[in-house]
Amino acid sequence: MTLSDHPLLEVTGLTKTFPVRQSLLSRWRGQPRRAVQALTDVNLSVKRGETLGIVGESGCGKSTLARTLVRLYTADSGSVRYGGQDVLALSGAELRGYNRRVQMIFQDPYSSLNPRMTVGQVLREALGVHKMRPADQIPARVSELLSLVGLPAEAANRLPHEFSGGQRQRIGIARALALEPECLIADELVSALDVSVQAQVVNLLLELQERLNLTVLFVAHDLRLVRHLSHRVAVMYLGRVVEVASTEAAFEAPKHPYTQGLLAAAPTLDPGSRSLEPAISGELPSPLNVPSGCAFRTRCKSAFGRCATERPLLSDTGDGHMVACHLYSGAGPT
Ligand code: SF4
């Protein structure tokens with residue numbers, strides 16, 4: 001596996017809001033239209049051949065980020081550069097080329113597989129639309145793709161409903177690989193599967209990533225899976241990236257109070273290490289009403305005056321360990 005020094009994907013200041021439908025009464029009262037703040041000033045970079053895990057509680061914006069990167073959602077502002085190209089400005093053939101090179105795999109492949117098409121037809125269609133192979137080479141390529149994801153060649157003759165959840169996820173991966181992508185964005189790829197099947201699919205992804213030198217964004221709420229798979233980890237909270245570090249640093253020496261709380265709350269096999277005190281107190285605030293200053297301050301045991309007025313920016317605390325927290329930005333609590 002080769003990790004390039006230059007980022008393949010670079011996200012800067014990415015912001016996305018979803019306007020909320022206004023009731024007649026609130027319009028009549030002249031109240032301002034409200035919006036869900038899904039992504040706020042997100043900054044990230046991913047190197048070629050790297051796997052970046054993106055973690056956070058449900059509603060933290062990680063799936064919105066994934067969908068905005070593949071242009072399923074339109075960003076409000078910010079920039080996404082892929083191999084130097086300005087992704088948010090692409091259209092026509094250039095956008096189709098980007099969408100071929102950057103493939104998204106969804107949590108529920110069943111909903112995106114036509115129930116009346118056999119697996120072979122699904123793969124032949126993917127190969128045909130983008131003219132990936134001459135017609136006479138397509139049957140061999142279909143068998144090759146099925147073998148890559150650990151399915152027998154005769155799977156091509158069966159319909160999606162004849163497969164288990166884990167096998168359907170393999171079909172989803174094969175369809176993505178048909179387009180020979182450079183980058184896979186896996187959004188909660190295995191969340192709906194049993195734990196034993198999860199491990200098989202994650203190991204398959206790991207094997208494919210190394211064999212094909214893929215760049216992978218692995219979006220998940222399960223910290224154990226992210227740790228197993230990722231070179232680096234980005235932690236999100238209420239639409240903001242609060243920490244980015246190597247997997248080892250993020251898990252062994254997390255710096256942001258939210259990451260520390262997430263890890264303390266994660267299931268452990270050692271009953272002696274469990275604390276009865278909740279690691280993160282309070283409810284996740286509504287993304288319609290994000291706290292001022294640091295979004296985490298309403299649940300942070302270390303919060304101090306500055307946290308309510310000033311938004312902490314993601315900055316390097318050494319060795320590329322990025323943290324957005326005033327505890328690390330010079331003027332801490334007095
Ligand atoms: Fe806690 Fe303040 Fe750091 Fe936010 S900036 S995580 S509130 S200490």
In Val216, Thr215, Val233, the residue satisfying side-chain contact (heavy atoms from CB on, under 4.5 Å) with Thr51 is Val216
key: Student check: side-chain heavy atoms of Ser315 and Leu313 closer than 4.5 Å   = no
Answer with yes or no whether the side chains of Lys255 and Thr317 bring together a donor and an acceptor at under 3.5 Å. yes
Taking every heavy atom of Gly165 against every heavy atom of Leu193, the minimum-distance pair comes out as C-CD2, 3.5 Å
Shared hydrophobic cluster for Leu95 and Ile185 (ILVMFWY, side-chain gaps under 4.5 Å): yes
Counting N and O atoms only, with roles assigned by atom type, does the side chain of Arg168 sit under 3.5 Å from a partner on the main chain of Phe163, one being a donor and the other an acceptor?
-> yes
- Message: Tell me whether Tyr73 shares a hydrophobic cluster with Val219, the cluster being built from Ile, Leu, Val, Met, Phe, Trp, Tyr side chains joined at under 4.5 Å.
- Response: no
Closest heavy-atom pair, Leu88 versus Ser79, reported as atoms and distance to 0.1 Å, is CD1-CA, 4.1 Å
Residue pair Val20, Val36: steps toward the side-chain contact (heavy atoms from CB on, under 4.5 Å) verdict = CA-CA 7 Å; Val20 175; Val36 171; 3.9 Å; yes
Do Val290 and Phe18 sit in one hydrophobic cluster, given that two such residues count as connected whenever their side-chain heavy atoms are within less than 4.5 Å of each other, even indirectly? no
- Item | Under 3.5 Å: donor-acceptor pair, side chain of Arg297, backbone of Ser292 | yes
Determine yes or no for a side-chain-to-main-chain donor-acceptor pair under 3.5 angstrom, with Gln121 supplying the side chain and Thr118 the backbone. yes
For residues 69-96, the salt bridge (Lys or Arg N to Asp or Glu O under 4.0 Å) pairs (sequence neighbours left out) are none
Output for pair (Gln103 CD, Tyr98 OH), nearest 0.5 Å, gives 11.0 Å
Arg116 meets the salt bridge (charged side-chain N to carboxylate O under 4.0 Å, His left out) criterion, sequence neighbours left out, with none
For residues 243-252, the salt bridge (Lys or Arg N to Asp or Glu O under 4.0 Å) pairs (sequence neighbours left out) are Arg227-Glu252
- Is a side-chain N or O of Arg232 found less than 3.5 angstrom from the main chain of Thr247, in a donor-acceptor match? no
Discussion item. Under the criterion side-chain contact (heavy atoms from CB on, under 4.5 Å), I'd like the reasoning laid out for His231 against Lys47: C-alpha separation, chi angles, the key distance, then a yes or no.
Written reply: CA-CA 10 Å; His231 298 104; Lys47 292 176 187 165; over 6 Å; no
Sorted by chain and residue number, the salt bridge (charged side-chain N to carboxylate O under 4.0 Å, His left out) partners of Glu207 (sequence neighbours excluded) come out as Arg211
| message | Are the side chains of Asn43 and Val11 in contact, using a 4.5 Å heavy-atom criterion? | response | no
Do Glu180 and Leu212 have side chains that approach each other closer than 4.5 Å (heavy atoms only, starting at C-beta)? no
Exercise. Is any side-chain heavy atom of Leu151 less than 4.5 Å from a side-chain heavy atom of Gln167?
Worked result: yes
Next on the checklist: Counting C-beta onward and ignoring hydrogens, is there a side-chain heavy-atom pair between Phe106 and Leu189 closer than 4.5 Å?
Outcome noted: no
- Between Glu10 and Tyr82, is there a donor-acceptor pair closer than 3.5 Å when you use the side chain of the first and the backbone of the second? no
Worksheet item: Can any side-chain N or O of Glu162 pair as donor or acceptor with the backbone N or O of Leu159 at less than 3.5 Å?
Response: yes
Output for pair (Leu69 CG, Leu14 CG), nearest 0.5 Å, gives 6.5 Å
The salt bridge (charged side-chain N to carboxylate O under 4.0 Å, His left out) partners of Arg101 (sequence neighbours excluded) come to Glu182
Q.
Ser246 vs His321, test: side-chain contact (heavy atoms from CB on, under 4.5 Å). Steps then yes/no.
A. CA-CA 7 Å; Ser246 69; His321 193 146; over 6 Å; no
Sorted by chain and number, sequence neighbours left out, salt bridge (charged side-chain N to carboxylate O under 4.0 Å, His left out) with Arg240 holds for none
| If you measure only the distance, is there a donor-acceptor pair under 3.5 Å linking the side chains of Glu188 and His221? | yes
When every non-hydrogen atom of Asn213 is compared with those of Gly49, the smallest separation belongs to OD1-CA, 3.5 Å
**Study point:** same_hphob_cluster(Leu204, Leu146) at 4.5 Å side-chain heavy-atom cutoff
**Key:** yes
Gln37 side chain near Lys16 side chain, heavy-atom distance below 4.5 Å:
no
What I want to check is whether the side chains of Asp187 and Ser63 have a donor and an acceptor closer together than 3.5 Å.
yes
**Asked** When the ring planes of Tyr237 and Phe296 are compared, do they come out parallel, tilted or perpendicular, using 30° and 60° as the limits?
**Response** perpendicular
Query raised in the report: Considering residues, nucleotides and ligands other than Asp136, do more than 12 of their heavy atoms fall under 6.0 Å from its CG?
Result: yes
* Stepwise side-chain contact (heavy atoms from CB on, under 4.5 Å) test for Ile138 and Leu127 -> CA-CA 7 Å; Ile138 284 183; Leu127 290 164; 4.0 Å; yes
If hydrophobic clusters are built by linking Ile, Leu, Val, Met, Phe, Trp and Tyr wherever their side-chain heavy atoms come under 4.5 Å apart, do Val119 and Val129 end up in the same one? no
| Should Ser302 and Leu327 count as side-chain neighbours, where that means a heavy-atom distance under 4.5 Å? | yes
Heavy-atom closest pair (Thr298 atom, Pro285 atom, distance to 0.1 Å) is OG1-CG, 3.7 Å
**Item:** Within 45° cone and under 6.0 Å: Arg299 NZ/CZ vs Tyr258 ring
**Value:** no
The reported gap from CE in Met236 to OG1 in Thr40 (rounded to nearest 0.5 angstrom) is 8.5 Å
Does a donor on one side chain sit under 3.5 Å from an acceptor on the other, for Glu144 and Ser147? no
Note: Val244 and Ala234 closest approach over all heavy atoms is CG2-CB, 4.1 Å
On a heavy-atom basis, the closest approach of Thr259 and Ala250 is CG2-O, 4.2 Å
Side chains of Val226 and Leu229, heavy atoms from C-beta outward: is any pair under 4.5 Å? no
CG of Asn99 to CG of Leu179, rounded to nearest 0.5 Å, is 10.0 Å
* Asked: If only atom types and distance count, is the side chain of Thr15 paired as donor or acceptor with the main-chain N or O of Asp41 below 3.5 Å?
  -> yes
Distance col, row Leu217:CG vs Ile105:CD1, nearest 0.5 angstrom, shows 11.5 Å
When rounded to the nearest 0.5 Å, the distance separating OG of Ser191 from CD of Gln169 is 9.5 Å
